[in-house]
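Quick note on labels: first sequence line is chain A, next is B, and so on, each numbered from 1.
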There are 2 protein chains.
Amino acid sequence: MNDSPVTPDNSHTIAELIRSQLNQFSPAEMKIVNHLLANYPMSGMVSITELSESCGVSTPTVMRTLKKIGYSSFTTFQKELKDELQQTLSDPITKHDQWAADAPESHVLNKVAETVTTNLRHSLNQISHEQFDAIVDLLAQQERALHIVGGRITSAFARYLNTHLEVIRENVHIFPEAVALWPHHLLKIKPDDVLIVFDVRRYEQDLITTSRLANARGAKIILFTDQWLSPVAGYADHTLPIRIEGKSGWDSGVVTLFFAEALVVALEEKLWSQTSERMRELENMFDLTERFKKRTE
Amino acid sequence: MNDSPVTPDNSHTIAELIRSQLNQFSPAEMKIVNHLLANYPMSGMVSITELSESCGVSTPTVMRTLKKIGYSSFTTFQKELKDELQQTLSDPITKHDQWAADAPESHVLNKVAETVTTNLRHSLNQISHEQFDAIVDLLAQQERALHIVGGRITSAFARYLNTHLEVIRENVHIFPEAVALWPHHLLKIKPDDVLIVFDVRRYEQDLITTSRLANARGAKIILFTDQWLSPVAGYADHTLPIRIEGKSGWDSGVVTLFFAEALVVALEEKLWSQTSERMRELENMFDLTERFKKRTE
DNA sequence: TTTTTTATGTAAGGTAAATTACATGTAAAG
DNA sequence: CTTTACATGTAATTTACCTTACATAAAAAA
């Protein structure tokens, strides 16, 4: 066990100080520190009474927690928090651009955040709600078997989507990893089945071929691709052109995942009556197999 | 009593409200508003006693001044100031949410977009640049072998990260899909190796055990988890607590992927001199295997 | 099982803060 | 030279908060 819980305190924000001890809190104490970190630092800028009520614990518990963290009283804790906030606000160059993405030479995190939100905005403008809804409607028809396939990089998204859709509806199948097995899997695709394809540059020959053949067998094709459109678009019934541009050449997959996730949410809402039972069963499975840690809440 | 000059209040910060009335204050009142504006807004985040002392006036004078400005009591004044500050702090990335959270019954796409950007914002506030940089530094040490593992849902992210890191540096290994093979893979982990673990709720027993054992073998552990922290945090050297909350119960993975991607970008920048050669080789491979469509541009 | 420890809440205290009431002083108006 | 209105401080009251002491229940150890 790597104990060393009390590392020499070089954390210069209270948040870091708390996080460095996150493993040594009791349940009630966890409620408190979670709430503190949740919308830091303003969550701490209230009276101890208010704070304790927001957390659903008693005020002495708050006191004890703060003592544990290293403050002799609530008052001194809040004073330090206030100082830290003061520092942050009055030091715009160093600290404030931790929150502001507009600084020209900013941290990587901010640059990537900026890029991703831009991509998201453009993609949302590009894809109409009707188009999206049409896809959801198609996926809601459970008599159509659903197949999912992705490429070298996008196969991760294919898996992610598969894992979630499997919970929501039946008849969901993902293509095997080995490309050599794809022709075999193609045989399972019947007319009126649905095939979801992820293909962003660089477009892969196997995906193109597979889509063409699936199309020939009468399958509906939904395509997740980038703004330059994969050749698969020629066979697709629904194409989602997603902006994947990264600043210096790299491609971002975040927005692609976003749309996959939105699809899951929309479908779950639509099928809820039929789905809830399915999810309950799954919960039971999890409980029985004990693969998961029991929830403490 | 000067009730008349109450202009229709379209100033939405308290500072503006004060400035709009700067001509109607008595000397003692001037001391107060000047001090308030001087280092706004933190000057107002103290007790009325403290505030009055800083200004060299009495507490009732402060009260009267605030009443004049338009607040019924010091308490309500401070509450509004607090709200304003909160607003400022939680509005860094998206200045004005273009996708309107204000539409009550908006389209799923907008709701999910709102959720995701909120998650992103909170996570960025939660994770310090130093912490992130420390992780990048660790991953840049190529003499340390790098192992990646994820759970039921997060294994998709593990794969995504693996695919990208493999391009950037050598000595990257992902855990096999079958959990039964994990103990075997554990044997490959040497002291000073690095293990990246993805574990969001529901936390998986196998991941916890694996992390414990890897830790015992002397490996450094980097953990991607959610705001409630996987138990793996107890063994981790670096923990990224990422907000994954979805509106109606579902968990979002988009921000988790964001941080994985940011890690890739940062590492690529850092290792560029050593990496570029590697990437050129990869390009050649792609050309040779003809798996990809030739670029037409 | 019994005992001890740990976790957490209830209640009471003392204290500081916010608000109100009153008093004093200053400056302009009669 | 009053008188009145305004400006501001002192003091008293009430309210809310922080803190400590004690009690209880659950968990761990014996």
Problem - Per A:Pro60 side chain, nearest of listed nucleotides C:dA18, D:dT20, D:dT8 - result: D:dT20
Exercise for the section: Might you work through the salt bridge (charged side-chain N to carboxylate O under 4.0 Å, His left out) test for B:Arg243 and B:Asp226, ending with a clear yes or no? Expected result: CA-CA 6 Å; B:Arg243 183 132 177 165; B:Asp226 54 49; over 6 Å; no
Exercise for the section: Please determine if a side-chain N or O atom of B:Ser73 lies less than 4.0 Å away from the OP1 or OP2 oxygen of C:dA18. Expected result: no
Practice task
Determine to 10° how strongly the helix from C:dT1-D:dA30 to C:dA12-D:dT19 is bent, judged from the axes of its five-pair ends.
Solution key: 0°
Problem - B:Val57, nearest nucleotide to its side chain (from D:dT8, D:dG9, C:dT8) - result: D:dG9
Practice task
Go through the steps for B:Arg159 and B:Glu177 under the test salt bridge (charged side-chain N to carboxylate O under 4.0 Å, His left out), then give the verdict.
Solution key: CA-CA 10 Å; B:Arg159 299 191 148 264; B:Glu177 287 210 50; 3.7 Å; yes
Handout entry: Distance, rounded to the nearest Å, where A:Glu29 contributes CD and C:dA7 contributes P
Key = 7 Å
Practice task
Please determine, by modelled atom types, if B:Ser252 and A:Glu261 share a side-chain donor-acceptor pair under 3.5 angstrom.
Solution key: yes
Problem - Step-by-step side chain to side chain contact (heavy atoms under 4.5 Å, CB included) determination, B:Arg217 to B:Asp193 - result: CA-CA 9 Å; B:Arg217 293 177 66 89; B:Asp193 277 7; over 6 Å; no
Exercise for the section: Take atom CE of B:Met63 and atom C1' of D:dA7, then tell me their distance rounded to the nearest Å. Expected result: 17 Å
Practice task
Ignoring backbone atoms, test whether A:Thr75 places a side-chain nitrogen or oxygen under 4.0 Å from the OP1 or OP2 oxygen of D:dT19.
Solution key: yes
Problem - Nearest to side-chain heavy atoms of A:Ser58, which nucleotide of C:dG9, C:dA17, C:dT19 - result: C:dG9
Handout entry: Mutual orientation of the aromatic rings belonging to B:Phe198 and B:Phe157 [parallel < 30°, tilted 30-60°, perpendicular > 60°]
Key = tilted
Practice task
Output the distance between atom CD1 (A:Ile48) and atom OG (A:Ser58), rounded to the nearest 0.5 Å.
Solution key: 9.0 Å
Exercise for the section: Nearest whole angstrom, please: distance from the C1' of C:dA18 to the NZ of B:Lys79. Expected result: 17 Å
Problem - Aromatic ring proximity A:His107/B:Phe132, centre distance under 6.0 Å - result: yes
Problem - Nucleotide of C:dA18, D:dT10, C:dT19 approaching B:Thr49 most closely (side-chain heavy atoms) - result: C:dA18
Completion exercise
Looking only at D:dG9, D:dC18, C:dT20, the nucleotide nearest the A:Phe74 side chain is D:dC18
Handout entry: B:Lys111/A:Glu269 salt bridge by N-O under 4.0 Å criterion
Key = yes
Handout entry: Nucleotide of D:dC18, C:dT19, D:dT8 approaching B:Ser26 most closely (side-chain heavy atoms)
Key = D:dT8
Handout entry: Minimum-distance nucleotide to B:Arg64 side chain [options: D:dC18, C:dA18, D:dT8]
Key = D:dT8
Handout entry: Interatomic distance, B:Lys31 NZ vs D:dA7 P [rounded to whole Å]
Key = 15 Å
Handout entry: Atom-pair distance (CD on B:Glu50; P on C:dA17), nearest Å
Key = 8 Å
Problem - Distance, rounded to the nearest Å, where A:Ile48 contributes CD1 and C:dT10 contributes P - result: 15 Å
Practice task
Pick base, sugar-phosphate or nothing for A:Lys67, based on heavy-atom distances below 4.0 Å to the nucleic acid.
Solution key: sugar-phosphate
Practice task
Report the distance from atom CZ of A:Phe77 to atom C1' of D:dT19, rounded to the nearest whole Å.
Solution key: 16 Å
Exercise for the section: Take the protein atom CD of B:Gln78 and the nucleotide atom C1' of D:dA16, then report the distance between them rounded to whole Å. Expected result: 13 Å
